[in-house]
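Naming convention: chains lettered A, B, ... in sequence-line order (proteins, then strands); numbering from 1 in each chain.
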Amino acid sequence: MPAVRRPEGHVPFKRKLAWTAGILVLYFFLTNIALLGMQADGATDLFGEFRAILAGEHGSLLQVGIGPIVTASIVMQLLGGANLLGLDTDDPRDQVLYQGLQKLLVVMMTALTALPMVFAGGFLPVQQSLSLGGLAFDSTQIQALMFVQIFIGGILILYMDEVVSKWGVGSGIGLFIIAGVSQRLVTGFIQPADGGFFYDWYQIIFGDVDLAGDTLSTLLLGEGQILALLTTILIFAIVVYAESVRVEIPLSHARVKGARGRFPVKLIYASVLPMILVRALQANIQFLGQILNRTVGIPAMLGEYNAQGEPVSGFFYYVAPIYSPQDWMWWTGEVAQETWMVLIRISIDVTFMVVGGAIFAIFWVETTDMGPESTARQIQNSGMQIPGFRQNVSVIEKVMERYIPQVTVIGGALVGLLAVWANMLGTIGAVSGTGLLLAVSITYKLYEEIAEEQMMEMHPMMRQMFGNE
Amino acid sequence: MDKGQNSGGLMSSAGLVRYFDTEDSNAIRIDPKTVIAIGVMLGVIVQLLTFVS
């Protein structure tokens with residue numbers, strides 16, 4: 001598998017920023033290029049409400065966004081977490097295999113995501129005719145052409161991520177998620193049309209919105225969007241606060257007296273990223289429903305869909321996540337379903353997110369070498385020890401085992417709960433709770449990373465200490 | 001602090017795709033500039049073809 005070249009030696013911070021910015025510009029450029037051969041009207045986004053976290057843009061070259069990468073990652077996490085791969089990620093030969101397998105999976109997933117989008121169910125309707133320089137294409141050929149474009153776009157995303165990971169700051173995936181969510185958030189605030197927060201308030205103040213009916217409901221849930229604003233701000237605050245909640249394990253150096261440190265086990269130890277995997281799992285179930293519904297049709301027990309392509313009852317309705325207050329606030333009269341159906345859907349969503357969040361957090365910690373065993377080894381190798389305990393890997397591991405698994409599960413479940421709660425109350429710009437959680441925590445991580453980079457720029461000696469070069 | 005020791009632990013911020021230091025010596029190496037160039041070219045070509053069609 002072709003790979004992006006690694007930089008030789010140290011890349012100056014400014015150069016890193018330049019690469020990151022370059023990729024970001026390219027990303028926005030590509031999201032604005034419409035697919036050749038697509039008919040603009042009549043297209044429905046297969047990703048639907050999941051678009052906010054899967055990045056990309058419907059009908060553009062980046063149609064698939066990071067969807068295939070996330071799906072491939074789920075497979076890798078499950079295989080790795082359950083130790084089915086049989087690869088030791090400390091062994092250089094297995095590392096090569098792991099990376100190759102990872103890329104191969106992404107390529108396969110890109111094809112698997114793009115195929116039904118183009119060929120099944122009319123998610124991307126084709127133009128009647130297309131002629132390029134005298135060559136006339138029929139509809140099947142146009143579809144093939146569109147598939148090629150989407151496929152190349154998907155592969156490009158993979159390599160753009162690799163460029164950022166190796167030459168830039170943070171990761172490409174994180175960058176694309178932040179880009180997508182921020183764009184929606186800003187649009188949600190300032191767009192000069194219905195749905196824009198400031199525009200709607202302008203209208204409310206100047207009496208263009210009818211407040212005669214249920215004033216409170218209009219201000220809170222309707223045009224006023226007060227609830228969404230509060231949720232958005234609260235999520236920001238909670239995530240930034242939770243990042244600083246930690247159990248600190250004291251460390252001291254075995255030989256150098258007075259050299260002390262702490263190993264922090266954060267509340268969100270596994271970071272928020274496992275959450276995207278849970279959501280992607282839900283997304284893939286919904287895609288399956290959409291595709292089956294559009295192509296072969298499914299019995300009512302499995303799912304019935306309305307004109308907008310949203311499931312209204314059956315299995316696919318119950319497993320669909322709650323996206324907005326309109327999906328569940330049965331007392332407002334906007335929900336078409338019975339109350340008990342809504343309650344079942346809420347409980348399934350909460351269970352899925354909490355349990356899924358915890359499980360994927362555990363897998364995440366295992367596969368990214370943040371588990372008790374790996375951290376104990378890292379601490380031992382650095383010559384540190386826990387004061388009052390023998391300097392021995394298995395002893396450190398025992399101490400780590402008291403904290404890491406518990407904190408991981410609690411953190412994962414908490415993040416899952418937070419995501420559902422934010423979705424239920426709504427967010428500005430419909431970025432979804434998960435999208436907001438991801439964006440805030442990735443930005444926070446990015447900030448930490450930039451701070452570390454800057455410190456290394458200012459004190460070249462630090463580089464040796466951090467062991468980067 | 002902790003960061004000195006767990007160079008592996010920092011992977012968590014690296015994202016969903018993991019890249020290791022070791023690489024297949026037989027693999028084709030792509031320059032990062034090539035990735036950006038291909039991206040720009042893809043966009044420009046598709047846009048131009050849309051105009052002419």
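- Between chain A and the options B:Ile38, B:Val52, B:Ile36, B:Thr34, the largest number of non-hydrogen pairs under 4.5 Å is found for B:Ile36.
- With a 4.5 angstrom heavy-atom cutoff, A:Val70 touches chain B via backbone and side-chain atoms both.
- If you measure heavy-atom distances from A:Ala34 to chain B, the contacts under 4.5 Å come from the backbone alone.
- Chain B forms more heavy-atom pairs under 4.5 Å with one residue of A:Val164, A:Leu35, A:Val96 than with any other, namely A:Val96.
- Taking chain B as the reference chain and counting heavy-atom pairs below 4.5 Å, the highest number among A:Glu162, A:Lys103, A:Met160, A:Arg93 is found for A:Glu162.
- Chosen from A:Pro7, A:Ser73, A:Ser441, the residue pairing most often with chain B at heavy-atom distances under 4.5 Å is A:Ser73.
- No side-chain heavy atom of B:Tyr19 sits less than 4.5 Å from a side-chain heavy atom of A:Gln95.
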For side chain to side chain contact (heavy atoms under 4.5 Å, CB included), just list the numbers for A:Trp364 and B:Leu16, CA-CA rounded to whole Å, side-chain angles, deciding distance to a tenth of an Å, and then say yes or no. CA-CA 10 Å; A:Trp364 185 262; B:Leu16 293 166; 3.6 Å; yes
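- Note: A:Val163 leads A:Ile23, A:Ile177, A:Ile249, A:Val163 in heavy-atom pairs under 4.5 Å with chain B.
- In this structure, CZ in B:Phe20 is found 10.5 Å from CZ in A:Arg6, a value given to the nearest 0.5 Å.
- No side-chain heavy atom of A:Gln149 sits less than 4.5 Å from a side-chain heavy atom of B:Leu49.
- If you take CD1 on A:Ile33 and CG on B:Leu42, they are separated by 8.5 Å, rounding to the nearest 0.5 Å.
- The contact between A:Ile69 and chain B is made entirely by side chain atoms (from C-beta outward), counting heavy-atom distances below 4.5 Å.
- Checking side-chain atoms of B:Arg18 against main-chain N and O of A:Tyr98 turns up no donor-acceptor pair under 3.5 Å.
- The main-chain N or O of B:Val17 is never found under 3.5 Å from a side-chain atom of A:Gln102 such that the two would form a donor-acceptor pair.
- The environment of A:Phe28 atom CZ is dense: over 12 non-hydrogen atoms of other residues, nucleotides or ligands sit within 6.0 angstrom.
- Heavy-atom minimum distance, B:Gly43 versus A:Phe29: CA-CE2, 3.8 Å.
- Proximity of A:Leu26 to B:Val35: side-chain heavy atoms (C-beta onward) are nowhere separated by under 4.5 Å.
- Note: A:Gln99 leads A:Gln99, A:Met76, A:Gln77 in heavy-atom pairs under 4.5 Å with chain B.
- The choice from A:Arg377, A:Gln380, A:Lys166 that makes the most heavy-atom pairs within less than 4.5 Å of chain B is A:Lys166.
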